[in-house]
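All of these numbers come straight from a predicted model, not from anything done at the bench. Order of the sequence lines fixes the chain letters, A, B, ..., with proteins taken first and strands second; residue numbering starts at 1 for each chain.
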Protein chains: 2
Amino acid sequence: MSVKKRDDTCAIKSVDGKKVAAVKKAMLTDEEVRDLSETFSVLADPTRTKIIYALSKEELCVCDISGVLGISISAVSHQLRVLRNMRLVKFRKEAKMVFYSLDDGHIERLFNEGLKHVRE
Amino acid sequence: MSVKKRDDTCAIKSVDGKKVAAVKKAMLTDEEVRDLSETFSVLADPTRTKIIYALSKEELCVCDISGVLGISISAVSHQLRVLRNMRLVKFRKEAKMVFYSLDDGHIERLFNEGLKHVRE
DNA sequence: CTGTCAATTGAATGATTGTTCAATCATACC
DNA sequence: GGTATGATTGAACAATCATTCAATTGACAG
C-alpha cells in the first residue's frame, strides 16, 4: 500500500528561505491580526453594512432602523449589540427610545474607502 | 392566555417618519451592499488577513506562504482560491511553482486604512 | 515510463453566526 | 398599581465557512 504520510511542507523555501524569514519577521502581531479581522468582520454583514450607512446619514432609534431596513426590531437590536461591543456606534437615551449614531469618524472613513472601491 | 402576536413594528417612526423615508431613499442598492460586505468578508478572516499582508511585502509561492503562516499548503490553497475569485490576488506560473501577488493597489489601500484604525 | 514534488480540489467535520420566537426589562401614561 | 410600548436578551435553528484528510493534476528529473 505504501501510504506515504504527506507532511505538508515543501523542500525548498523560495530561493533559499530568505524571503520567508524576512516576511515572517515583518508579520503582524497576533493581536493586530485579530483586531483587523474582527473589524472587517463587523463590516462584512449586509445588515450591519446597511445600519452603518444609515447612521452615517442620520441619528436613528432602533425602531427607525428597523423601518429603514425592513427587518425585525430584534434582529436590529442584536446587530447593534455587536456594533456597540466594537465601539463603532454610540447611543443616547431619550424617554423610551434609544438613539444610535456612529461613534467617530474613523469607521466612516474606512467604510467610505470600501464603498469607493466597490463603485470603482 | 392572550398571547398577543408581536408584529415587530413600532407605532411612531421617529418624529413622523420623515427621517425614515429620507434615509430609506438614500439607502445603498442591494448590489452595492452585497459587494461591500463580500469585500469586507474576504478581509475578515485571520488567515486571509495574514496572506494579504504577506503578499503586500513580497511575491510568494504557495509553499512560502505556508511557511510564513505556519499552516498547511492545502489550507493556503483554499484561501487563495477565495482571493483569486475576488480578484484580490494575481498569480504567475514558473516551473512547478505558482507565485502570487496582490492584484492592484486598491486592496492595499483599503487594508492599510484598516490597519491604521487598529493601530489608532 | 516512473517517481517525485508543488499545487489544486472534493468531501467531511467542527465551529461560528445571523435570524426568529418568546420572554423580559424599562419607561411613560392612564 | 396596571397597561402599553420601545428595546434588550436568551435559546434554538439553519446556514455559512475554515480546516483537515485524501485523492488528483501537472510538471520536471532520472
Round to a whole Å and report the spacing from [atom1] of [X] to [atom2] of [N].
{"X": "B:Ile73", "N": "C:dT4", "atom1": "CD1", "atom2": "P", "result": "17 Å"}
{"X": "A:Phe91", "N": "D:dG6", "atom1": "CZ", "atom2": "C1'", "result": "14 Å"}
{"X": "A:Met97", "N": "D:dT8", "atom1": "CE", "atom2": "P", "result": "13 Å"}
{"X": "A:Ile51", "N": "C:dT19", "atom1": "CD1", "atom2": "C1'", "result": "13 Å"}
{"X": "B:Leu83", "N": "C:dT8", "atom1": "CG", "atom2": "C1'", "result": "15 Å"}
{"X": "B:Phe40", "N": "C:dG18", "atom1": "CZ", "atom2": "P", "result": "15 Å"}
{"X": "B:Ile65", "N": "C:dA7", "atom1": "CD1", "atom2": "P", "result": "9 Å"}

Worksheet item: Is there any salt bridge (Lys or Arg N to Asp or Glu O under 4.0 Å) pair reaching into residues 88-114 of chain A, and which pairs are they, with sequence neighbours excluded?
Response: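 Salt bridge (Lys or Arg N to Asp or Glu O under 4.0 Å) check on residues 88-114 of chain A returns A:Glu59-A:Arg92, A:Arg92-A:Glu94, A:Arg109-B:Glu113, A:Glu113-A:Lys116, A:Glu113-B:Arg109.
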
Item to complete: Would you mind listing every salt bridge (Lys or Arg N to Asp or Glu O under 4.0 Å) that reaches into residues 21-34 of chain A, with sequence neighbours excluded?
Response: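 Sorted pair list: A:Glu32-B:Arg119.
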
Practice prompt. Could you pull out the closest heavy-atom pair between B:Thr47 and B:Leu69, with the gap in Å?
Written response: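 Taking every non-hydrogen atom into account, O-CD1, 3.8 Å.
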
Worksheet item: Quick one: side chain to side chain contact (heavy atoms under 4.5 Å, CB included) partners of B:Glu58, sequence neighbours excluded?
Response: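 B:Glu58: side chain to side chain contact (heavy atoms under 4.5 Å, CB included) contacts with A:Lys19, A:Val23, B:Leu60.
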
Worksheet item: Taking only residues two or more places apart in sequence or in another chain, which ones pass side chain to side chain contact (heavy atoms under 4.5 Å, CB included) with B:Ser41?
Response: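 B:Ser41: side chain to side chain contact (heavy atoms under 4.5 Å, CB included) contacts with A:Ala44.
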
Item to complete: May I ask you to verify if any side-chain N or O of B:Ser72 is less than 4.0 angstrom from the OP1 or OP2 atom of D:dT20?
Response: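 Yes, because at least one side-chain N or O of B:Ser72 sits under 4.0 Å from OP1 or OP2 of D:dT20.
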
Practice prompt. Could you run through nucleotides 10-18 of chain D and give me one letter per nucleotide, 5' to 3': B if any protein heavy atom sits under 4.0 Å from the base, S if only the sugar-phosphate is that close, - if neither?
Written response: B-------S

Worksheet item: Base, backbone or nothing for each nucleotide of nucleotides 25-30 of chain C, written B, S, -, heavy atoms under 4.0 angstrom, 5' to 3'?
Response: --BS--

Worksheet item: Do B:Arg48 and B:Leu83 come within less than 4.5 Å of each other through their side chains, counting heavy atoms only?
Response: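 In contact.
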
Worksheet item: Can you tell if the side chain of B:Asp45 reaches within under 4.5 Å of the side chain of A:Ser37, non-hydrogen atoms only?
Response: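 Heavy-atom side-chain distance check fails, nothing below 4.5 Å.
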
Practice prompt. Assign B:Tyr100 to base, sugar-phosphate, or nothing according to its heavy-atom contacts below 4.0 angstrom with the strands shown.
Written response: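 Since only primed, P, OP1 and OP2 atoms lie under 4.0 Å of B:Tyr100, the category is sugar-phosphate.
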
Practice prompt. With sequence neighbours excluded, give me every ring pair (Phe, Tyr, Trp, His ring centres under 6.0 Å) pair touching residues 43-93 of chain B.
Written response: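 Every pair satisfying ring pair (Phe, Tyr, Trp, His ring centres under 6.0 Å) with a residue in residues 43-93 of chain B: B:Phe91-B:Tyr100.
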
Worksheet item: Do any N or O atoms from the side chain of B:Thr49 and from the backbone of B:Leu43 form a donor-acceptor pair under 3.5 angstrom?
Response: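 The answer is yes, because a donor-acceptor pair under 3.5 Å joins these two groups.
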
